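The next block holds one structure in the form of structure tokens; read it before the comments.
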Amino acid sequence: MNTLDPIIRHGFADYKHAFKQFSDKPTPYMVTDLDKIADNCKQFKHHFPSVELHYAIKAFYTKEIIDSIDDRVDGFDVASNNELKDILSYGVAAKRIMYSNPVKSKKSIEEAFSLGVDKFAFQSMSELGKLQMNAPGSSVYLRVKIDDSHSEVPLSGKFGCEPKDVVRLLTHAKNINLNPVGITFHVGSQLLDSTAWESAVKKAGELLVKVKKAGIDVDTINLGGGLPAQYFTDDPTIDKLSPSINNALLKNDWTKYIAEPGRFIVADSSFIVSSVIGVEKRGQKNWAFLDVGLFQAFLGALRYKKFPYGPIVSDDYLREEPAKRADLVPFIITGPSCDSEDTIHYEALLPEDLSIDDRLIFPNTGAYTLVYGSSFNGFEVPPVYFLKDQKVFSRE
Ligand SMILES: Cc1ncc(COP(=O)(O)O)c(C=O)c1O
């Protein structure tokens, strides 16, 4: 059967070390390495020196995370007033916050504006009406539909105006005394293909030129999110993707660039540890029941054809000498609730002697995991332990 060598190449040694520090904690829990998050911001700035970095906090945020990257990012992107109020309470200045959700309630806009936010995304005439009334004079960025069919998580069904409407919408924004600044797009989350970035940047540049020709003084392209995490060894790294994206950026050298990565910043900072609570052979299939499932942490896996976060590792793999490890066989992995939808993986390779109380480690689970979590059936969202300078601390 398949071996786990790719994980070792992937830097799994770090997890091994961290896992040992937490092996006495009750499961389930997540471990988040704050230094890794700060380093990912550094990597972004290094590879995209001409792009302002605004972290999209929706991917995962706590005060500890925001504190550890505050001086490494240019700003933050929020999707709701609760996100906004949280990061304001952590000490982030309102002027560094961009409200990137293109459809907001009147009340949210009014409150955000009263709290000092003056940068908003929009995608329609009706949103402009709300912004005119509730956030007069604000800077606005038009969300444009861009081809996101190459990404693992397309977003353009719900978001973005048609390119043909760009001039009309930005002209109207100016006419109602808002401050049209530029356009924003999202290539879709976990985009592995750099050519899709290149054509999105090219298209955005062409649209901005049209808008400028219509007499609107716009100069900014917000590249949104989409930068991938390396869940599997074949997924491209930032070293591989950045040269061609930067080439595309250079072609519009008169523009200012902003990006709002979420997943790339936090995905590989964290791992979730769970215990096996039941093992059964159902028909011909091996089933492992865990103390964490879809509802608490893995709802994000639903939209993927295969389990998206990369290989899962058992503590057998970490503790034993290679020669003593059991063979790996396919398992269906399901969560603890009384709902069959709770199943998260249909072909996980795990030791054939997997037993109750064995621990499973899910690497690369920092982005879009606990933030989706609910305590359905009374099973709580796992607590988080943080690592900083190799030291452990928890929020409780
Ligand atoms: C407006 C906006 N910006 C940024 C992001 C972050 O995207 P990603 O996590 O793919 O980098 C999202 C994700 O949905 C988004 O909707």
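Values in this document were obtained by computation on a predicted structure and should not be read as measured data. Throughout, numbering of the chain's residues begins at 1 and tracks the sequence. Counting starts at 1 for both ligands and their atoms, following the listed order.
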In this structure, is the centre-to-centre distance between the rings of F298 and Y309 below 6.0 Å?
yes
Taking the six-membered ring for Trp, are the ring centroids of Y368 and F60 within less than 6.0 Å of each other?
no
Partners meeting side chain to side chain donor-acceptor pair (under 3.5 Å) with T369 (sequence neighbours left out):
none
For N101, all residues meeting side chain to side chain donor-acceptor pair (under 3.5 Å), sequence neighbours excluded:
none
Over-ring placement of K104 relative to Y99, 6.0 Å and 45° cut-offs:
yes
What pairs with T220 under side chain to side chain donor-acceptor pair (under 3.5 Å), at least two apart in sequence or on another chain?
none
Residues with a heavy atom under 4.0 Å from ligand 1, by chain and number, are A56, K58, D77, S100, R143, H186, S189, G225, G226, E260, P261, G262, R263, Y368
